[in-house]
Participant: 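Before I ask anything, let me first share the structure, which is written out below as C-alpha coordinates.
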Amino acid sequence: MPDTILKEQEVSMLREEMEILMNERQCLLDTTGAAAVFVANLDSTLLPDSACQAARILSSSLNNLPEETLRDALEKVKSEFVVRA
(Lines give C-alpha, C1' and ligand atoms only; values in the text may rest on other atoms or scores of the structure.)
Protein backbone atom coordinates (compact mmCIF):
# COMPACT_ATOMS: atom_id res chain seq x y z
CA MET A 1 0.00 0.00 0.00
CA PRO A 2 2.74 2.59 0.81
CA ASP A 3 4.28 1.85 -2.61
CA THR A 4 0.97 2.73 -4.27
CA ILE A 5 0.74 6.01 -2.36
CA LEU A 6 4.31 6.86 -3.37
CA LYS A 7 3.52 6.17 -7.03
CA GLU A 8 0.37 8.30 -6.84
CA GLN A 9 2.43 11.15 -5.37
CA GLU A 10 5.00 10.78 -8.12
CA VAL A 11 2.29 10.85 -10.79
CA SER A 12 0.75 13.91 -9.17
CA MET A 13 4.11 15.68 -9.06
CA LEU A 14 4.76 14.83 -12.71
CA ARG A 15 1.34 16.18 -13.68
CA GLU A 16 2.06 19.42 -11.84
CA GLU A 17 5.45 19.72 -13.50
CA MET A 18 3.93 19.09 -16.94
CA GLU A 19 1.35 21.79 -16.30
CA ILE A 20 4.07 24.23 -15.26
CA LEU A 21 6.07 23.40 -18.40
CA MET A 22 3.05 23.80 -20.66
CA ASN A 23 2.23 27.17 -19.11
CA GLU A 24 5.85 28.23 -19.54
CA ARG A 25 5.77 27.12 -23.18
CA GLN A 26 2.70 29.27 -23.78
CA CYS A 27 4.47 32.29 -22.28
CA LEU A 28 7.55 31.63 -24.41
CA LEU A 29 5.39 31.31 -27.53
CA ASP A 30 3.78 34.68 -26.72
CA THR A 31 7.19 36.29 -26.29
CA THR A 32 8.66 34.67 -29.37
CA GLY A 33 5.70 35.57 -31.55
CA ALA A 34 5.69 39.17 -30.37
CA ALA A 35 9.45 39.40 -30.94
CA ALA A 36 9.11 37.98 -34.46
CA VAL A 37 6.38 40.47 -35.36
CA PHE A 38 8.41 43.29 -33.81
CA VAL A 39 11.56 42.43 -35.80
CA ALA A 40 9.58 41.97 -39.00
CA ASN A 41 8.16 45.48 -38.66
CA LEU A 42 11.40 47.25 -37.74
CA ASP A 43 12.96 49.82 -40.02
CA SER A 44 16.65 49.38 -39.32
CA THR A 45 17.48 52.71 -40.96
CA LEU A 46 15.66 54.51 -38.14
CA LEU A 47 17.36 52.65 -35.29
CA PRO A 48 20.55 53.60 -33.45
CA ASP A 49 23.47 51.21 -34.00
CA SER A 50 23.10 49.63 -30.57
CA ALA A 51 19.43 48.85 -31.23
CA CYS A 52 20.28 47.46 -34.67
CA GLN A 53 22.79 45.11 -33.12
CA ALA A 54 20.21 43.90 -30.61
CA ALA A 55 17.66 43.46 -33.41
CA ARG A 56 20.16 41.41 -35.42
CA ILE A 57 20.82 39.15 -32.43
CA LEU A 58 17.09 38.75 -31.84
CA SER A 59 16.47 38.07 -35.52
CA SER A 60 19.23 35.47 -35.59
CA SER A 61 17.79 33.76 -32.51
CA LEU A 62 14.34 33.68 -34.08
CA ASN A 63 15.76 32.26 -37.31
CA ASN A 64 17.45 29.47 -35.36
CA LEU A 65 14.15 28.23 -33.94
CA PRO A 66 12.53 25.14 -35.41
CA GLU A 67 10.02 26.17 -38.07
CA GLU A 68 7.13 24.52 -36.22
CA THR A 69 7.89 26.44 -33.01
CA LEU A 70 8.06 29.76 -34.83
CA ARG A 71 4.84 28.96 -36.67
CA ASP A 72 3.11 28.14 -33.35
CA ALA A 73 4.40 31.40 -31.87
CA LEU A 74 3.19 33.49 -34.79
CA GLU A 75 -0.21 31.79 -34.72
CA LYS A 76 -0.52 32.52 -31.01
CA VAL A 77 0.35 36.20 -31.50
CA LYS A 78 -1.94 36.42 -34.52
CA SER A 79 -4.85 35.20 -32.40
CA GLU A 80 -3.91 37.76 -29.70
CA PHE A 81 -4.10 40.61 -32.24
CA VAL A 82 -7.49 39.38 -33.46
CA VAL A 83 -8.84 39.24 -29.90
CA ARG A 84 -7.47 42.73 -29.04
CA ALA A 85 -8.54 44.39 -32.29
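Throughout, residue positions are numbered sequentially from 1 according to the sequence presented.
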Participant: Should we count CG of N41 as having more than 12 external heavy atoms under 6.0 Å?
Facilitator: yes

Participant: Testing the basics here: between G33 and L74, what is the closest heavy-atom pair and its distance to 0.1 Å?
Facilitator: O-CD2, 4.1 Å

Participant: Cluster question for you: counting only ILVMFWY and a side-chain heavy-atom cut-off of under 4.5 Å, with indirect links fine, are V37 and L29 together?
Facilitator: no

Participant: Side-chain heavy atoms under 4.5 angstrom apart, residues restricted to Ile, Leu, Val, Met, Phe, Trp, Tyr: same cluster for L28 and L58?
Facilitator: no

Participant: Who passes side chain to side chain contact (heavy atoms under 4.5 Å, CB included) against A51, sequence neighbours left out?
Facilitator: L47, P48

Participant: With sequence neighbours excluded, give me every side chain to side chain donor-acceptor pair (under 3.5 Å) pair touching residues 28-38.
Facilitator: D30-K76

Participant: What residues, two or more places apart in sequence or in another chain, satisfy side chain to side chain donor-acceptor pair (under 3.5 Å) together with S50?
Facilitator: none

Participant: Considering all heavy atoms of both residues, which atom of A36 and which atom of L62 are nearest to each other, and what is their separation?
Facilitator: CA-CD1, 3.5 Å

Participant: The criterion is side chain to side chain donor-acceptor pair (under 3.5 Å); which residues satisfy it with D43, sequence neighbours excluded?
Facilitator: T45

Participant: Considering only residues two or more places apart or on different chains, which pairs with a residue in residues 52-74 satisfy side chain to side chain donor-acceptor pair (under 3.5 Å)?
Facilitator: R25-D72, E67-R71

Participant: Going by side chain to side chain donor-acceptor pair (under 3.5 Å), name the pairs with one or both residues in residues 6-21, residues two or more places apart or in two chains.
Facilitator: none

